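Notes to accompany the following structure.
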Amino acid sequence: IKNTEAVEQLANDMENKFETFETNIVTMKKCLAEKDSYIVNLENKVKDMDSNFEAQNLKIKNLENSNQEIMKELAKFKENMSNNDNLAEVETEEKFKCDKCDFESNSKHGLKVHLTRKHTNMKKEKYPRNCDLCEKNFVNHAEMKKHMKSHSYK
């Protein structure tokens, strides 16, 4: 009987160990599946990062090209402006004529300045600069600054 009990006990132990072994195999398969899924996710993330990196590089190249084009246009603009005596005026072939005298200008700005200086009755309060010492009025700061030297003491 003791042998039979020992054999039964051994059979039960083997069955328990087999069940544990099967459970361990199922767990390992789940872990492997999760690991494979994790690897696939990582690979997808790497692909996304690569495509984002390529897209960013393309954007950078486009910006560099645009920047180069802008710099070329700016250089042309500066060259054109340096050939022009007055940077505030943009000359055209069209002549802008004063309707009050024979004055002609190559720019609207030039005509506007002429009209303001020659044909406008600027009242005292319209002058933007006033001398604090003698109350003379000046159209611009440079003229007033020149005038202020007449008040300086030697």
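The model shown is predicted, which means the values in this text are computed figures rather than measured ones.
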message: Please evaluate residues Q9 and E5 with respect to the criterion side chain to side chain contact (heavy atoms under 4.5 Å, CB included), reporting the C-alpha separation (whole Å), side-chain torsions for both, the decisive distance (0.1 Å), and the verdict.
response: CA-CA 6 Å; Q9 183 63 40; E5 287 177 9; over 6 Å; no

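Interatomic distance, D99 CG to K97 NZ, rounded to the nearest 0.5 Å: 12.0 Å.
Qualifying side-chain contact (heavy atoms from CB on, under 4.5 Å) partners for K35, counting only residues two or more places apart in sequence or in other chains: L32, I39. Every residue two or more places apart in sequence or in another chain was checked for a side-chain hydrogen bond (donor to acceptor under 3.5 Å, both in side chains) with E43, and none qualifies. The ring-ring contact (aromatic ring centres under 6.0 Å, His included) test applied to F103 returns H114, not counting sequence neighbours.
Taking each heavy atom of G110 and S105 in turn, the nearest pair found is CA-OG, 3.5 Å. Of all heavy-atom pairs between F96 and L111, the closest is CB-CD2, 3.9 Å.
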List the atom pairs, donor and acceptor, that lie under 3.5 Å between side-chain atoms in residues 61-73 and the rest of the protein, sequence neighbours left out.
| residue | atom | partner | partner atom | Å |
| --- | --- | --- | --- | --- |
| N62 | ND2 | L58 | O | 3.4 |
| N65 | ND2 | K61 | O | 3.4 |
| S66 | OG | N62 | O | 3.0 |

Going by atom type alone, with no hydrogens or angles, which donor-acceptor pairs under 3.5 Å involve a side-chain atom of residues 44-52 and a protein atom two or more places apart or on another chain?
| residue | atom | partner | partner atom | Å |
| --- | --- | --- | --- | --- |
| N44 | ND2 | V40 | O | 3.4 |
| S51 | OG | K47 | O | 3.4 |
| S51 | OG | D48 | O | 2.9 |
| N52 | ND2 | D48 | O | 3.4 |

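Hydrophobic cluster of F21: the remaining members, joined at side-chain heavy-atom separations below 4.5 Å, are I25, listed by chain and number.
A donor-acceptor contact shorter than 3.5 Å is absent between the side chain of S37 and the backbone of A33.
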